[in-house]
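These notes concern the structure reproduced below.
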Amino acid sequence: MEMIQINIKDVLSMVPQAEIDGLNGCAAASLSKLVDGTGLGNDFLGWVKLPTDTPAELLDDIVATAAALRENCEAVVCIGIGGSYLGAKAVIEALGNAFGHNNGPEVLFAGQNIGEDYLYELQQHLAGRRFGIIVISKSGTTTEPAIAFRLLKEQLEQQVGRADAAKLIVAITDAKRGALRTLATTEGYKTFVIPDNVGGRFSVLTPVGLLPIAVAGYDVKALVAGAAEMEAATLEGRDNSAILYACTRNALYRAGKKIEILVNYNPKLHFVSEWWKQLYGESEGKDHKGIFPASVDNSTDLHSMGQWIQDGERTIFETVLSVEEQQHTVVIPTDADNLDGLNYLAGKRVDQVNKMAELGTRLAHVDGGVPNLRITIPTLSEKYLGQLIYFFEVACGISGYILDVNPFNQPGVEDYKRNMFALLEKPGYEKETEAIKSRL
């Protein structure tokens, strides 16, 4: 069975193997906490065995629902924020055509910001088109998606009528509680459940991520199967890549490397980095601890961030995502005049040049004092993206426990909401409104 691989040889000149190995016992205990449910945040561990425990009937229902939306819609808007959209966006972008030529409806995203121009332009884009909505929220009251859903629901009902609109809306929400569950029951929307024991940033392998991915035309059963391969290998101890990643990054953190930069050399992986940043930032950034997760898209960002990475403050390390095989072949031609001086590349694939850019950059950065981990992905397919998702998830849980934080809560996220609600004079926040106005 071919799997994604991790290589840490370009770390060892800066952090000895013994220091990494010294964390193995803690990492093994952390993995046991995930499996046995004995660690902090153990009420949010439903994702740990999700790939192998997901019923075939649920996957069939997701595929059938996606097929109905694909048949009846020119566009489908996925409404959600944070983990309710980033996982789906990451997989769709990684598998899709860079210029939007897909076989099926256009998959759009809303509710991930409060941009007035964004929402206006989205509504204009959808005017007169038959579109569907996938709305994702446990409560139905999260501000950003709730605003987007109110606007788009009204637009859809005006365009096709309330009864037909109900057939084009799917709600992914709590099983029993919340405003969205109440509305879905009243209006007769098709629904899927967000499991109570799976937090948003770990939810890509639930209907939250799987339905939009299936609507985009990708094989969610293969995605889950890939994750199940990594789950089995990790939990059975046949593959220690997640432990190795968790131990290495924590050893680097203890050595003063406070920033991890996730690097890719394939533009399709941009949103994988965005998903990864939420996963690790929200899981580890608490109690005044945690590696700061950043990302770059190379070789693009070598022409903007490359100088800082090469010669800036030495508080960083890099984790490089490297895709071994591309989906297409493009060969650089010969030019008789050779004015651009590129004939030395004639006959080579573009990916050969890209791979040498990657290798040359890794060598330069290591020489410049930047430790490099390398994760190789055989190709961008549902199977290997499923493996990668689960690899990062389980390594995140292990890493958080090594750091001695609760990887599954996010208390700091609520602070901005309290201030925003007070400033907007939301009912129930009268005291907070009075207090915050006194500060302004």
Side-chain angles (χ1 to χ4, degrees), residues 54-80 84-112 122-137 145 148-149 152-153 155-157 159-173 180 184 187-194 203-227 268 271 327 380-383 385-386 389:
T54 298
E57 295 79 9
L58 175 59
L59 291 176
D60 288 340
D61 192 7
I62 289 169
V63 170
T65 302
L69 288 171
R70 286 173 58 79
E71 181 178 351
N72 290 293
C73 300
E74 298 172 70
V76 175
V77 185
C78 179
I79 298 176
S84 294
Y85 96 99
L86 276 171
K89 179 77 168 173
V91 174
I92 291 169
E93 292 285 322
L95 296 174
N97 185 291
F99 298 96
H101 304 297
N102 59 327
N103 180 25
E106 183 180 17
V107 178
L108 304 167
F109 291 86
Q112 79 278 34
L122 175 61
Q123 290 194 280
Q124 292 298 303
H125 182 70
L126 295 170
R129 302 179 72 193
R130 190 167 179 85
F131 70 93
I133 297 172
I134 301 170
V135 56
I136 305 166
S137 176
F149 183 51
L152 293 175
K153 172 178 172 290
Q155 180 176 355
L156 183 59
E157 289 177 347
Q159 290 184 191
V160 302
R162 185 171 174 179
D164 283 347
K167 299 174 186 177
L168 297 171
I169 297 174
V170 179
I172 304 177
T173 188
L180 184 55
E187 298 293 331
Y189 300 156
K190 170 70 178 177
T191 64
F192 290 96
V193 171
I194 303 173
S203 67
V204 60
L205 297 174
T206 73
V208 168
L210 297 180
L211 181 60
I213 292 166
V215 168
Y218 302 114
D219 187 347
V220 293
K221 293 182 179 180
L223 184 77
V224 173
K268 291 178 181 289
F271 274 94
Q327 302 293 331
L380 289 183
S381 69
E382 290 94 337
K383 171 183 173 178
L385 286 170
I389 287 165

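Any value given below was found using the heavy atoms of this structure, including those in side chains, with hydrogens, waters and symmetry copies removed. Counting from 1, the numbers follow the sequence of the chain as shown.
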Problem - Exercise: identify the closest heavy-atom pair between E157 and A165 - result: CG-CB, 3.7 Å

Problem - Side chains of Y189 and V135 in contact at under 4.5 Å (non-hydrogen atoms) - result: no

Practice task
Specify the closest pair of heavy atoms between A94 and L380, including all atoms of both residues, with the distance to one decimal.
Solution key: O-CD1, 3.6 Å

Handout entry: Backbone N/O of V215 and side chain of R70: donor-acceptor pair under 3.5 Å
Key = yes

Handout entry: Atom CD of Q124: over 12 foreign heavy atoms under 6.0 Å
Key = yes

Practice task
Please tell me if the side chains of C73 and L168 come closer than 4.5 Å, counting only heavy atoms from C-beta onward.
Solution key: yes

Fill in the blank from the handout: Between P212 and I92 the two heavy atoms that sit nearest each other are O-CD1, 3.7 Å

Practice task
Working to the nearest 0.5 Å, report the span between CG of L211 and SG of C78.
Solution key: 8.0 Å

Handout entry: L152 vs L122 side-chain heavy atoms within contact, under 4.5 Å
Key = yes

Problem - Gap separating the OG1 atom of T191 from the CD1 atom of I169, nearest 0.5 angstrom - result: 13.0 Å

Practice task
Report yes if the side chains of V91 and Y218 come closer than 4.5 Å at any heavy-atom pair, otherwise no.
Solution key: no

Handout entry: Nearest heavy-atom neighbours spanning A110 and V77
Key = CB-CG1, 3.8 Å

Handout entry: Donor-acceptor pair, side chain of E74 and main chain of F131, under 3.5 angstrom
Key = no

Practice task
May I ask you to test the Y85-I136 pair for a side-chain heavy-atom distance under 4.5 Å?
Solution key: no

Exercise for the section: Output the distance between atom CD1 (I194) and atom OG1 (T173), rounded to the nearest 0.5 Å. Expected result: 5.5 Å

Practice task
Using a strict cut-off of less than 4.0 Å between a Lys/Arg side-chain nitrogen and an Asp/Glu carboxylate oxygen, indicate whether K221 and E382 qualify as a salt bridge.
Solution key: no

Practice task
Answer whether the closest heavy-atom distance between the side chains of L108 and H125 falls below 4.5 Å.
Solution key: yes

Handout entry: Considering all heavy atoms, the nearest A75-L126 contact
Key = CB-CD2, 4.0 Å

Exercise for the section: Flag the pair K190 and D61 as a salt bridge only when some basic side-chain nitrogen lies within less than 4.0 angstrom of an acidic carboxylate oxygen. Expected result: yes

Fill in the blank from the handout: Closest non-hydrogen atoms of L210 and V220, given as atom of the first, atom of the second and distance, are O-CG1, 3.2 Å

Exercise for the section: I would like to know whether E187 and R162 meet side-chain contact (heavy atoms from CB on, under 4.5 Å); could you show each step before the answer? Expected result: CA-CA 9 Å; E187 298 293 331; R162 185 171 174 179; 2.4 Å; yes

Practice task
For Q123 and Q155, indicate whether the former's side chain and the latter's backbone hold a donor-acceptor pair under 3.5 Å.
Solution key: no

Problem - Inter-residue atom distance I133.CD1 - L69.CG, 0.5 Å rounding - result: 10.5 Å

Practice task
May I ask you to say whether D219 pairs ionically with K383, meaning some side-chain N is under 4.0 Å from a carboxylate O?
Solution key: no

Problem - Pair V170-V76, side-chain contact (heavy atoms from CB on, under 4.5 Å): steps then yes or no - result: CA-CA 10 Å; V170 179; V76 175; over 6 Å; no

Exercise for the section: Report, as yes or no, whether the 6.0 Å neighbourhood of atom CZ on R129 holds more than 12 heavy atoms from other residues, nucleotides or ligands. Expected result: yes

